[in-house]
Amino acid sequence: MAHRLLRDHEADGWERSDFPIICESCLGDNPYVRMTKADYDKECKICTRPFTVFRWRPGRDARYKKTEVCQTCSKLKNVCQVCLLDLEYGLPVQVRDTALSINSNDAIPKSDVNREYFAEEHDRRARAGLDYESSYGKVRPNDTILKLQRTTPYYKRNRAHICSFYVRGECTRGAECPYRHEMPVTGELSQQNIKDRYYGVNDPVALKLLNKAGEMPSLEPPEDESIKTLYVGGLDKRVTEQDLRDNFYAHGEIETIKMVLDKACAFVTYTTREGAEKAAEELSNKLVIKGLRLKLMWGKPQAPRPESETSEGGTQQVAVAHGGMLPRAVISQQQNQFQPSGPGVQDQPPPMQYFNIPPPPQLDRAFYPSMDPQRMGALVPSHDGESKSGSEKPQQGQHYPYQAMPPPPEQYPTQLYPPYGYMQPMPPYQQYPYHPAMPPPQAPPATQQYQHSGPPRPPPPVSGPSTSAPPVPSSSGSAPPVPGPSADASGSSHQ
Amino acid sequence: MPKVRTNRIKYPDGWELIEPTLRELDAKMREAEIDPHDGKRKCEGLWPIFKIAHQRSRYIFDLHYKRNEISKELYEFCLEQGYADRNLIAKWKKLGYERLCCLRCIQPRDHNFSTTCVCRVPQHLREEKVVECVHCGCRGCASGD
């Protein structure tokens, strides 16, 4: 060790650095990582010059990782010092180079003294501040690269290595063995060589990826010509409707965008079929918004459904649509319905869960008054009597369907539908137990709000019809103050 | 380590009672010393040495401090003759170190980031439950476990 301290490091061209050049996957998910730094600890696997080795543990279930190649070598190819994959795209060098048509291979010598000399020169120039021709930052990403790139960190590569004793059946360490007790995956991919990977020559993983890229299917337009809707999957709360709009507007006029956050998807409908096809062609496999890779497929048409009224057709019907297959849910008229109802309607439980009442037949004609028990004056039992709290609490969502009483006439137009799906406003004698003077509809049923208002609402603000509106009608304004007192109410009611 | 009974050494009273056990432990230590290293890891070869040293010191410490069967004179005699490790026993007298395995495991200079060995961490605070520390093969010497 002493000889290391006495040598003149500048003269030798040994490398020192302050922080490793690594990718997110190699750094790990723990924000409190502890790293050791050892100057000139090992020689670079490529250029064999001593360099600063950093060693850390990238997460709880990870092995310790250390830098394998020096910073000079990693800068020359713009790769991570540990995994030798591209820093921006997470791809092997060969893949990135063929996709972007960069060929720097001839410039870097690969053997003996030439290599060391080149590395040292490069290092010297970099330290002196001379800008070398690094084209990596300037190249525009093209289609292929966007399709192939890795968008989220991949922590599986940080797992411990396979226990070779276990493979032979001889591991005596048992439970405390830190290596993985699994059989190794053999195949062509396991014969990798660090130099081949670095120089981008004869890399099996790269070849596999390139083949896959060539065969990635493009999205075919469906035969049914009337479908103008694309299904976008894999959404997150970070992706907003505006993001979708920005991405999709370029290909055609968007008719509507509907986001179904519950199922992490969205449906984009174009006014023209051509627009939709163009968007599908351009964006399939390439849609990445805010780092999230999104899946693009064609939407499926919805089966024609009985509707009593077009614009106010049963919300439950829509709910059923969502309870079923997602891609079916998008047809323009459905979307129209959705605009007023707000996006969360699919949260509603299927309309079939009535409490003691058999579900009424779903016809597209008007119902007769005699078909509705409530119209005939029968009292529909509710769990908490006349306290609206029951109606608010989802409680398997069972109550609300029948507490979704047809609202008083003045509220009706904006209101949600009663589960029975009929349209007529109720005759006056309906109003009796449920509707004391109602504040004007805080109607627009925002189902999501309903779900959130766990604690029962105090009767006055939200009584009667608004309770009948299954989603908690409260606009966001009323929601926050209510949980306060209602929490007490719920507390006391439980005693 | 004195293994032979010479005439020059004056043994205090009570020595005859503890002598057989100490001879046994010495024999055990000798076996551990000449054990071949085949089939063992590089660090694993030293583990029995630490283990027996701990055991020996523990015997004498227990006799004097816990069971009070030995006079102070005999105890000091044992320490001086090398039948127990004085420094290790000094740690055992401290709160929290009653079950310390060896002195290496609490030496921060021997570890990265100036910590102690993983065997000193109580089991309910650890992530991996089963662990053998690399210095002495200890599986957990925190006082609570």
Side-chain angles (χ1 to χ4, degrees), chain A residues 1-2 5 17-20 22 26-42 52-68 82 155-156 158-182, chain B residues 28 31-32 34-52 54-55 99-102 104-145:
Chain A
M1 266 288 281
L5 304 167
S17 36
D18 284 329
F19 195 80
I22 46 183
C26 291
L27 185 56
D29 53 1
N30 185 358
Y32 301 107
V33 61
R34 284 187 309 193
M35 207 183 263
T36 55
K37 171 181 159 197
D39 282 331
Y40 318 118
D41 206 29
K42 295 227 184 300
T52 308
V53 171
F54 295 92
R55 189 175 178 263
W56 68 98
R57 178 185 263 230
R60 181 200 292 203
D61 300 315
R63 63 176 199 269
Y64 275 91
K65 288 188 117 174
K66 67 187 201 301
T67 49
E68 309 286 347
V82 186
Y155 296 125
K156 273 175 85 177
N158 298 340
R159 290 177 301 172
H161 290 135
I162 302 231
C163 180
S164 62
F165 291 91
Y166 174 80
V167 172
R168 300 198 298 253
E170 291 169 0
C171 184
T172 49
R173 292 176 79 173
E176 65 107 8
C177 185
Y179 302 107
R180 268 185 295 150
H181 281 189
E182 290 166 13
Chain B
K28 219 168 137 186
E31 270 174 55
I34 62 182
D35 233 355
H37 64 274
D38 309 318
K40 289 198 215 157
R41 297 173 1 230
K42 228 163 93 171
C43 51
E44 205 178 332
L46 287 178
W47 292 354
I49 311 282
F50 282 98
K51 184 164 174 193
I52 296 170
H54 175 108
Q55 208 174 352
R99 303 220 194 133
L100 183 60
C101 56
C102 63
R104 284 175 82 185
C105 291
I106 47 171
Q107 181 62 269
R109 276 178 251 189
D110 280 356
H111 298 86
N112 284 340
F113 309 114
S114 309
T115 55
T116 50
C117 182
V118 68
C119 62
R120 290 297 297 157
V121 181
Q123 283 207 351
H124 64 273
L125 295 177
R126 265 192 248 156
E127 280 160 12
E128 316 100 24
K129 298 296 166 192
V130 186
V131 92
E132 274 180 333
C133 95
V134 73
H135 304 292
C136 53
C138 167
R139 292 219 164 87
C141 44
S143 296
D145 300 333

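Sequence lines set the chain letters: A, B, ... in the order given, protein chains first and strands last, and positions in each chain run from 1.
Counting heavy-atom neighbours within 6.0 Å of Tyr179(A) OH, excluding the residue itself, gives a total of 12 or less. Applying the 6.0 Å contact sphere to CZ of Arg60(A) captures no more than 12 heavy atoms from other residues, nucleotides or ligands. In the displayed structure, Lys51(B) atom NZ is contacted under 6.0 Å by at most 12 heavy atoms of other residues, nucleotides or ligands.
Only the side chain of Glu127(B) comes within contact range of chain A, judged by heavy atoms closer than 4.5 Å.
Atoms CZ and CG, from Arg55(A) and Asn112(B) in turn, are 6.5 Å apart once rounded to the nearest 0.5 Å.
The two residues Met35(A) and Phe113(B) come nearest to each other via the heavy atoms O-CE2, 3.7 Å.
Contacts with chain A were tallied for Glu128(B), Arg139(B), Arg41(B); Arg41(B) has the most, counting heavy-atom pairs under 4.5 Å.
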Exercise for the section: I would like to know whether Thr172(A) and Glu44(B) meet side-chain contact (heavy atoms from CB on, under 4.5 Å); could you show each step before the answer? Expected result: CA-CA 12 Å; Thr172(A) 49; Glu44(B) 205 178 332; over 6 Å; no
